[in-house]
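See below for the structure under consideration.
Atoms within each ligand, like the ligands themselves, are counted from 1 in listed order. Predicted model, so just to flag it, every value in this text is computed and none were measured. Values reported hereafter were calculated over all heavy atoms of this structure, with side chains retained and with hydrogens, waters and symmetry mates removed.
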Amino acid sequence: MAEVSSNRNVNRQFRLKKRPSGKIQRSDFDFVESPIPQPGPGEVLFRTLYLSMEPIYRLWLTDTDHDLPPVAIGDVVRGVGLARVVASNNEAWKVGDLGSGMFGWQDYAVPPAPGLARVARIPANLPVPLRATMGSCGSTGFCAYFGLLDIGKPKDGETVLVSAAAGAVGSIAGQIAKIKGARVVGIAGGAEKCRMLRDEFGFDDAVDYKRPDWREQLAAATPNGIAVNFENVGGDIMNAVLERMNKGGRVVLCGLISSYNDGARDGGHLVAPGNFVPVFTRRLTMQGFVFTDFAPRFGEATKQLAQWVSEGKIKDRDTVVKGLENAVDALNQQFDGGNIGKLVVEISEP
Ligand code: NAP
């Protein structure tokens with residue numbers, strides 16, 4: 001392996017050099033070029049088109065198991081991608097087929113047999129643009145769909161509060177809540193994101209947590225309290241939202257992004273302090289989940305989400321960063337609020 005040059009007929013890879021402290025830095029990784037792998041018997045060579053950026057990647061770089069084992073030092077950084085088959089020794093996959101799976105932060109991948117079984121085939125006839133299969137009609141949409149509908153279970157007219165609402169999962173969760181007849185309030189950073197929540201995504205109200213009066217904004221936006229909290233952030237925001245929950249409310253614990261960079265202590269164990277007093281005094285139900293828990297029902301979700309997108313009931317925004325070499329900055333964008341909707345890195349021209 002050599003450090004990356006301009007020669008593109010190679011497999012560029014980000015390999016973990018050392019465990020990051022705080023935000024990830026380029027120096028935490030080796031960016032190297034390796035030979036393009038060749039598929040063995042029964043194997044398939046994928047060329048990655050898009051790398052989906054997910055805040056959980058930061059947790060996978062700690063030395064603690066967060067749903068999946070830590071990325072080992074020296075390994076290619078784990079990541080979900082959308083890829084096209086460029087060579088195949090497997091009858092089930094033909095050159096040109098598209099799949100979504102754990103292809104990693106690299107140009108090419110030959111998933112070993114068990115990994116290949118987990119590559120999801122992208123249907124050729126979905127009535128949505130290709131990139132939507134990473135966002136609204138892919139893992140992001142599945143997370144919003146199952147988290148909100150199976151765990152949050154909003155009823156007509158109830159108030160649903162979504163944090164990180166202008167991001168990938170939040171923007172879809174809020175729009176699904178609107179489709180289901182809820183009154184939807186989003187929390188996001190900055191006036192422009194709050195405007196978008198109201199004017200483009202159809203939220204009923206928005207709270208700008210970057211303003212000092214955000215707690216007053218939250219109270220004004222939720223005069224009847226909150227029935228369902230779709231929680232993406234944690235920390236002070238979650239604690240303030242819990243204080244406004246109605247008796248018997250549901251908390252969908254989707255993520256705790258505010259702790260991922262700074263919450264790692266004791267060599268990687270994540271600490272996310274929370275105010276759990278309202279959980280017992282208001283008889284709240286709080287359920288964490290990972291969208292893959294619902295894998296047997298991905299087909300149902302894809303069909304429904306694609307229909308809502310094609311009917312214009314869900315607006316699908318994304319932010320595209322060009323070039324695998326910019327993946328480190330791209331992941332940090334999610335912690336700086338640099339993205340609107342789904343953040344993807346375009347690795348090769350689709
Ligand atoms: P995203 O929302 O597109 O990007 C993250 C957004 O979070 C940023 O744009 C930023 O928006 C906001 N943010 C970042 N740090 C913050 C902080 N300290 N305080 C308040 N807001 C902050 O990312 P995503 O992929 O949709 O993920 C959102 C959450 O869902 C994450 O917690 C993630 O781990 C979780 N998730 C869970 C699953 C699952 O299966 N359970 C799957 C995917 C994602 P602002 O400009 O508004 O600050």
ask   = Does any N/O atom on Pro55 come nearer than 3.5 Å to any N/O atom on ligand 1?
value =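 No: no nitrogen or oxygen of Pro55 is under 3.5 Å from one in ligand 1.
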
Nearest protein heavy atom to [atom], by residue and atom, and its distance?
atom	result
atom 10 (C) of ligand 1	Gly337 CA, 3.6 Å
atom 44 (C) of ligand 1	Val169 CG2, 3.8 Å
atom 47 (O) of ligand 1	Gly189 N, 2.8 Å
atom 9 (O) of ligand 1	Asn339 OD1, 2.7 Å
atom 13 (N) of ligand 1	Ile257 CG2, 3.9 Å
atom 38 (C) of ligand 1	Cys143 SG, 3.4 Å
atom 12 (C) of ligand 1	Ala164 CB, 4.0 Å

Taking only heavy atoms of [X], which atoms of ligand 1 are found under 4.0 Å from at least one of them?
X	result
Val233	19 (N), 20 (C), 21 (N)
Ala188	47 (O)
Gly167	1 (P), 2 (O), 3 (O)
Leu256	32 (O)
Ala168	1 (P), 2 (O), 3 (O), 26 (O)
Ser258	17 (C), 18 (N)
Phe289	39 (C), 41 (N)
Gly341	3 (O)

Which of the listed options, [options], holds the heavy atom that is closest to [atom]?
atom	options	result
atom 22 (C) of ligand 1	Phe291, Tyr209, Phe335	Tyr209
atom 43 (C) of ligand 1	Lys193, Glu54, Lys210	Glu54
atom 32 (O) of ligand 1	Val80, Val162, Asn232	Asn232
atom 23 (O) of ligand 1	Gln334, Arg317, Glu231	Gln334

query = Looking at Lys342 and Glu54, does any basic side-chain N land under 4.0 Å from a carboxylate oxygen?
reply =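 Looking at Glu54 together with Lys342, the answer is yes, because their closest N to O distance falls below 4.0 Å.
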
inquiry  = Applying a heavy-atom cut-off of 4.0 Å, say which part of Ile237 lies close to ligand 1: side chain, backbone, both or neither.
reply    =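 Side chain only.
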
key: Lys NZ or Arg CZ of Arg198 over Phe203 ring: under 6.0 Å, within 45°   =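 No, a cation-pi geometry is absent between Arg198 and Phe203.
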
Sub-4.5 Å side-chain heavy-atom contact between [X] and [Y]:
X	Y	value
Asp318	Tyr50	no
Leu61	Ile24	yes
Val251	Val279	no

key: Main-chain N/O of Thr62 paired with Arg19 side-chain donor or acceptor, under 3.5 Å   =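 It does hold such a pair.
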
query = Looking only at atom types and distance, does a side-chain atom of Asn89 sit under 3.5 Å from a main-chain N or O of Gly40, one as donor and one as acceptor?
reply = yes

inquiry  = With the threshold set at under 4.0 angstrom, would you say Tyr260 reaches ligand 1 through any of its heavy atoms?
reply    = yes

task = Please confirm whether Cys254 comes under 4.0 Å of ligand 1, counting heavy atoms of the residue only.
result = yes

Residue pair Thr140 / Val169: nearest heavy atoms and the distance that separates them = CG2-N, 3.6 Å

Point-to-point distance, once rounded to the nearest 0.5 Å, from [atom1] of [X] to [atom2] of [Y]:
X	Y	atom1	atom2	value
Gln334	Arg58	CD	CZ	13.0 Å
Cys194	Gln217	SG	CD	7.0 Å
Arg215	Asp236	CZ	CG	5.5 Å

query = Heavy-atom count around Lys180 NZ within 6.0 Å, excluding the residue itself: above 12?
reply = no

inquiry  = Heavy-atom count check: over 12 atoms from other residues, nucleotides or ligands less than 6.0 Å from Arg121 CZ?
reply    = yes

task = Could you verify whether a donor N or O on one side chain and an acceptor N or O on the other, from Glu311 and Gln307, lie under 3.5 Å apart?
result =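 Present: a donor and an acceptor within the cut-off.
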
